[in-house]
Amino acid sequence: MIRFILIQNRAGKTRLAKWYMQFDDDEKQKLIEEVHAVVTVRDAKHTNFVEVLAISVADSLSVLQFRNFKIIYRRYAGLYFCICVDVNDNNLAYLEAIHNFVEVLNEYFHNVCELDLVFNFYKVYTVVDEMFLAGEIRETSQTKVLKQLLMLQSLE
Amino acid sequence: MPAVSKGDGMRGLAVFISDIRNCKSKEAEIKRINKELANIRSKFKGDKALDGYSKKKYVCKLLFIFLLGHDIDFGHMEAVNLLSSNKYTEKQIGYLFISVLVNSNSELIRLINNAIKNDLASRNPTFMCLALHCIANVGSREMGEAFAADIPRILVAGDSMDSVKQSAALCLLRLYKASPDLVPMGEWTARVVHLLNDQHMGVVTAAVSLITCLCKKNPDDFKTCVSLAVSRLSRIVSSASTDLQDYTYYFVPAPWLSVKLLRLLQCYPPPEDAAVKGRLVECLETVLNKAQEPPKSKKVQHSNAKNAILFETISLIIHYDSEPNLLVRACNQLGQFLQHRETNLRYLALESMCTLASSEFSHEAVKTHIDTVINALKTERDVSVRQRAADLLYAMCDRSNAKQIVSEMLRYLETADYAIREEIVLKVAILAEKYAVDYSWYVDTILNLIRIAGDYVSEEVWYRVLQIVTNRDDVQGYAAKTVFEALQAPACHENMVKVGGYILGEFGNLIAGDPRSSPPVQFSLLHSKFHLCSVATRALLLSTYIKFINLFPETKATIQGVLRAGSQLRNADVELQQRAVEYLTLSSVASTDVLATVLEEMPPFPERESSILAKLKRKKGPGAGSALDDGRRDPSSNDINGGMEPTPSTVSTPSPSADLLGLRAAPPPAAPPASAGAGNLLVDVFDGPAAQPSLGPTPEEAFLSELEPPAPESPMALLADPAPAADPGPEDIGPPIPEADELLNKFVCKNNGVLFENQLLQIGVKSEFRQNLGRMYLFYGNKTSVQFQNFSPTVVHPGDLQTQLAVQTKRVAAQVDGGAQVQQVLNIECLRDFLTPPLLSVRFRYGGAPQALTLKLPVTINKFFQPTEMAAQDFFQRWKQLSLPQQEAQKIFKANHPMDAEVTKAKLLGFGSALLDNVDPNPENFVGAGIIQTKALQVGCLLRLEPNAQAQMYRLTLRTSKEPVSRHLCELLAQQF
C-alpha cells in the first residue's frame, strides 16, 4: 500500500504531498526532509529503491505498528517523484506507476514542467485521485485517465 | 503558460502565486501572505455576498498558503459552502480544501457529511466520484459511521458507472482499514468477488485491492476469488501485447493488474481444484517463458513492467513452495539478473533469491550462484545492493560452503560500510558457530572478527565464544594458544583483551608448559594492556589475575604486588578498588585448598539459544534467522553443533559475567518469594472479622427448597444405586456444568463472592493473590437440613495445567451437617502462564443419592497481575517493542452493560492492571499496564480499551510478550463489558 506520494525538486521544495495514512504536521515535515536527504545523494548507479527503517510515528497507538517502509523514486529533470510503500510491495510495479503518472501529467499539461505543478497544484490533486486512491492504484490506462481529465476540464 | 490553464484559470490565484515566487526573502513572503490573508478575511466578512467564482478563488488561495506551510484558521465554512455548489470546479476546490485540511470540528463534519450524502445520491458520476474521493482521502471514523453502509450498495449496484465503482471499491477499502467494525459483511461480498470478472479493467484493478484486503481477514468468505483471479490472470498473460489496448503498457498487457492478481493469490494456499491449479501453473510457466523471449522494446519501461510481473510470479512460486520445477526455473531466471546491467534488477534478484535459498527445492540451485554473489559483495557501488548480497550469502550458507562464505564476509568486513558492519559481524559469528566443522576454525574466525572489526563485535558475540570454549574441552588449549598469539599484536582491540583475559584466566595452564608462554609471560602480556583499558576490562583482568594465583602459584608474589599498588587499592573506581582489596585478602588469607575451590574452572554454561542469533532476530524482526533455524537442510549438523541448536524459548544468555568469581557482592539470585511468609500475611487478612459469604438460605430460597425436595429419581441416582460404594474415581469427573464459564466470568475482575448455588449447596469464595501466589478459601454451605455424607471437594488440573499451576488443597470433613458450613483452604502457585482454569469437583451423598458437580475454579491468569505505573513515553516505547503481530490481540465487541466510565475503571483495576492517565491522546480511552507474575517467567502486558459510546462498542487491544497470553487476556477481559 502507498503511504505517501511526494514530488520534490532538487532544493527540497515540495511540489506535491499526498498522504494516505495519518501523520501529524511535524511528522510530515520530518518525512519530507528525510526523503529529500536520502534520495538526492543517489545517482544513476544506485537502485531506485531506498529502504527507510523505523520512521517513528508516535501520534496514536494504532499506527505504531507500521515501521518499515521503502521509497521508490525516479528523477525527472529537477524533480524527484517518490512513492513510499510497504517493504513487501512490488518495487518495479510502483516504479512504473510513477512513470505512468508522469506520462499522464506530461500529456495533460503538454510537456509538463515544474511550474505547471506550482500554478496548477489543485489540478495535480485531481490527476492523483484519478490514478491512485486510498493508497492503491486506481486506474492505469492513460487513455482513460486523460479522457476523464479532459471531460472534467470541460466542466464549469 | 501551460496549455491546460487557458480559459479556466483563476487569474487572481496565478498572480498571487507569481507574487510569492518573486519574493526575495522569507520576510517578504510572509508580508505578502499576511496582506492576502487580510484581503480574503475582509472579503469573507464583507456584507456583499461573494459569488461562487470568488469564493472558489479565495479558498484556493487559502489552500495554497496552507501548503506553503502557514496555518489557516478561517475559510472552512466557505469551503463547505462550495461543496453544495452545482458547478464542478467550485465543488472540486471545496472537496480539495476539506481533504487537505481535515478538521474534526463537529459542526462542520455534519455539514460536510450532508453535502457528501447529497452528492452520493445525485446520480451524477462526477459528483459521486468527488464525494467518494473525499471520504477515501479523509477516512475518518465519523465518515465511516455515516457512509460505510451506503458504499457497498453503490459498489455493486447494477447502474453505477465504472468510474464510480472504481472509486467506491477503494473508498470502501479505506473505511475498512480505518474501522473494520463499521463495514458490515453481507450479501454484497459475493458480488464484490464477481467484480473480478468485470468488463472494465479499471474496475477489476480497484476491486482486486479491496478483495485482497478483505480476504486477509475473512479468507473463507472470499475463497471463490481464487478461481476467478486465476482465470482473469490467465486471460491477461496469454493475450498478445496489443489485445488489451488501453491497458497495455509498453507492450506489456495490464502489468499492474497482473501484479495485483498475483498478490491476491498469495493470500491463499495453492488451489485445491486440479483444473484451477493446472491453469495457474500454466500462467506461471507462461510468465517464466516470456521472460526468456527477446524484448519487444528497448525501453526500460518495457522491461520494468515485464519484470514486475515476473518478480511477483516468483513470489507466488515461493509462497506455494511446492513446485520444484518452477522454483528451480525461477532461480535460474534470477541468476541471469544477477549480472544484469540494471542495478535495480541485480538488487531485486538478490533479494528474491534470498527467499528461494530457504526452500529445500531451490537451495542447491541458489548455491550455484555463489561466485556471482561474492563478486557483488565486492564490487557493487550501492551499499543496499551489497547488503542484499550479504543477506543472500548468509541464506545460502551451509556446511559445504561455510568456510568460503565466512572468509569472504570477513574480507568484505575490512572495507564494509560502517552502517552494516555490526550486522555482518553477527552473521559471520552465527555462521561460524552453526557450521563449524572443528572448533579451532570457529575460534580463529571470531578472533579475526575482533581483530578486523572489534568495535562492532557486540557483547553477545564475545560472550558466545567464551561460552563455547568453556563448554568444549577439545578447543580450550587451542583457544588459549590463539588468544595468546593475538594479544602479542602491538595494538589489539579491547574486546580481544577481554576474551584473552577470560580464556587465559581459565585455561592459561594449558599452554604454560611452553616457555614462550610461561605463566610470567602470560601475566606480563596481559598486564601490558591493563592501563589502556576501560574500567570494565580492567575489572575482568583483575579477576584473571586472581585466577592466575590459583593456576600458577609462582605468579602470586608479582600479582599481589600489583593488587597492593596504590593505583589499585585506592582506585577511584569503587568496583576496581573492591576487587583489588578482596582479591588481595583472598590470596593472602585462604589456604591453597580453599583458593582452589573458590577459583575453580567455570562450570559449563547451560545450553540455550545462541545469544547472537537472538540478537540478529531482534535486529531484523521475526523470521530473520529462519534459514538457520530449521535444521532441515542439514540434519547432520547435530553432532558437532547440536548443543547450540536453538531451543523454543528465547532466553537471552546471561553474560558469563566479567566477575569470574562471584566474589563481589553480586545480587543474590532472585529467590522465589517465601511462600510461607506470604501465606501468613494472607491468613492474617482472612483471620479478621471479615464477613463470610452469606450462608443459610434466604427466606425465598428456603421456600423453594422445601417445595422441591432433592430429586432421588435423577438418572445419576438410578445408576449409582445398585453399587453405592462405587463413587466415581477422581479421574472421571464429569464435564463442568453448563454455567461454569459464566460463573467464572463473574470472578475475572473480583475475588470474593458466591461462586455457585443450587437448592442443596452454596459455594462461596474469598481469595487473595500476591505476585505468583494466591490463597483461596472455599465455603461449602449445606442448605438442607440433612447431613451431606462422603463430602469431597477436589481440584483437578486438566491437560497441561499441572505444569502451569500448583494448587494445594486441604482435606475437609467428610460430613457436612444440615445448615452447616465447612471451609477449605487452597494454596495456589502460578508456575507459568496458563489458559484454562483448574476444575473444582464436588461430590457428596445427599439422602443416599450421590451428587456430583464440576465447576471452574475462579483462578484466571490475570489474578497474578501486578499493576505497573509508567509514564506515557515508557508506555509508547514498550508498546512499540511489542509490535509483532502475534504479540497483539484485538477484539471489537458490543457493550453488554451500560457504558459507564467509572464502572469500566473499577473493572480494569479489578482485572489487575494499573490504569495510566495522560497516555492516550483520547481521554475517553483507557490504557493499562501490568506484569503477570509466574514462577518461571514474567509477562509484561499493555492494554488499551477504546469505548465508542455512540456505537455502543468497544475496541480492546492487548499486547504482551507472549502470544497466547495476549489472546487469552483479551478474551477474558472482553467478556466483562
Side-chain heavy atoms of A:Tyr125 within contact of B:Ser99, under 4.5 Å: no
Where on A:Asn48 is there a heavy atom nearer than 4.5 Å to chain B: the side chain, the backbone, both, or neither? both
Under 4.5 Å heavy-atom distance to chain B, tell me which part of A:Ala97 shows up: side chain, backbone, both or neither. both
Below 4.5 Å from any heavy atom of chain B, which atoms of A:Leu95 appear? Answer side chain, backbone, both or neither. side chain
Is the number of heavy atoms from other residues, nucleotides or ligands within 6.0 Å of CG (A:Asp43) greater than 12? yes
B:Leu68 portion near chain A, given a 4.5 angstrom heavy-atom threshold: neither
Checking A:Leu92 against B:Leu345 for the side-chain contact (heavy atoms from CB on, under 4.5 Å) test, could you report, in this order, the C-alpha distance in whole Å, the side-chain angles of both residues, the deciding distance, and whether it holds? CA-CA 9 Å; A:Leu92 292 176; B:Leu345 285 181; 4.1 Å; yes
Between B:Gln166 and A:Glu139, is the side chain to side chain donor-acceptor pair (under 3.5 Å) condition met? List the steps. CA-CA 8 Å; B:Gln166 282 174 283; A:Glu139 178 57 83; 2.9 Å; yes
Could A:Glu96 and B:Lys306 be called an ion pair, given the rule that one side-chain N must be under 4.0 Å from one carboxylate O? no
Side chain from CB out, backbone as N, CA, C, O: work out which of these in A:Asn88 comes under 4.5 Å of a heavy atom of chain B, or both, or neither. both
Residues that A:Glu114 engages under side chain to side chain donor-acceptor pair (under 3.5 Å), provided they are two or more places apart: A:Asn9, A:Arg15
Could you give me the CA-CA distance, side-chain angles and deciding distance for A:Tyr122 and B:Gln92, then say whether side chain to side chain donor-acceptor pair (under 3.5 Å) is met? CA-CA 9 Å; A:Tyr122 55 96; B:Gln92 188 251 328; over 6 Å; no
Determine whether B:Ser167 and A:Arg138 satisfy the following criterion, side chain to side chain donor-acceptor pair (under 3.5 Å), listing intermediate values before the conclusion. CA-CA 8 Å; B:Ser167 299; A:Arg138 176 183 178 275; 3.0 Å; yes
Part of B:Ser384 lying under 4.5 Å from any heavy atom of chain A: side chain
Under 4.5 Å from any heavy atom of chain B, what part of A:Lys18 do you find: side chain, backbone, both or neither? side chain
Which residue is it: B:Leu170, B:Leu132, B:Asn137? I am looking for the one with a side-chain contact (heavy atoms from CB on, under 4.5 Å) to A:Asp129. B:Asn137
Heavy-atom proximity to chain B below 4.5 Å, by part of A:Leu152: both
When the 4.5 angstrom heavy-atom criterion is applied to B:Val204 and chain A, the contacting part is neither
Identify which part of A:Gln29 has an atom lying under 4.5 Å from any heavy atom of chain B, answering side chain, backbone, both or neither. neither
Chain B contact via A:Val118 - which portion, at a heavy-atom distance below 4.5 Å: both
Can you label the angle between the A:Phe49 ring and the B:Tyr347 ring as parallel, tilted or perpendicular, going by 30° and 60°? tilted
Within a strict 4.5 Å, meaning less than it, do heavy atoms of the A:Phe119 and B:Ser18 side chains meet? yes
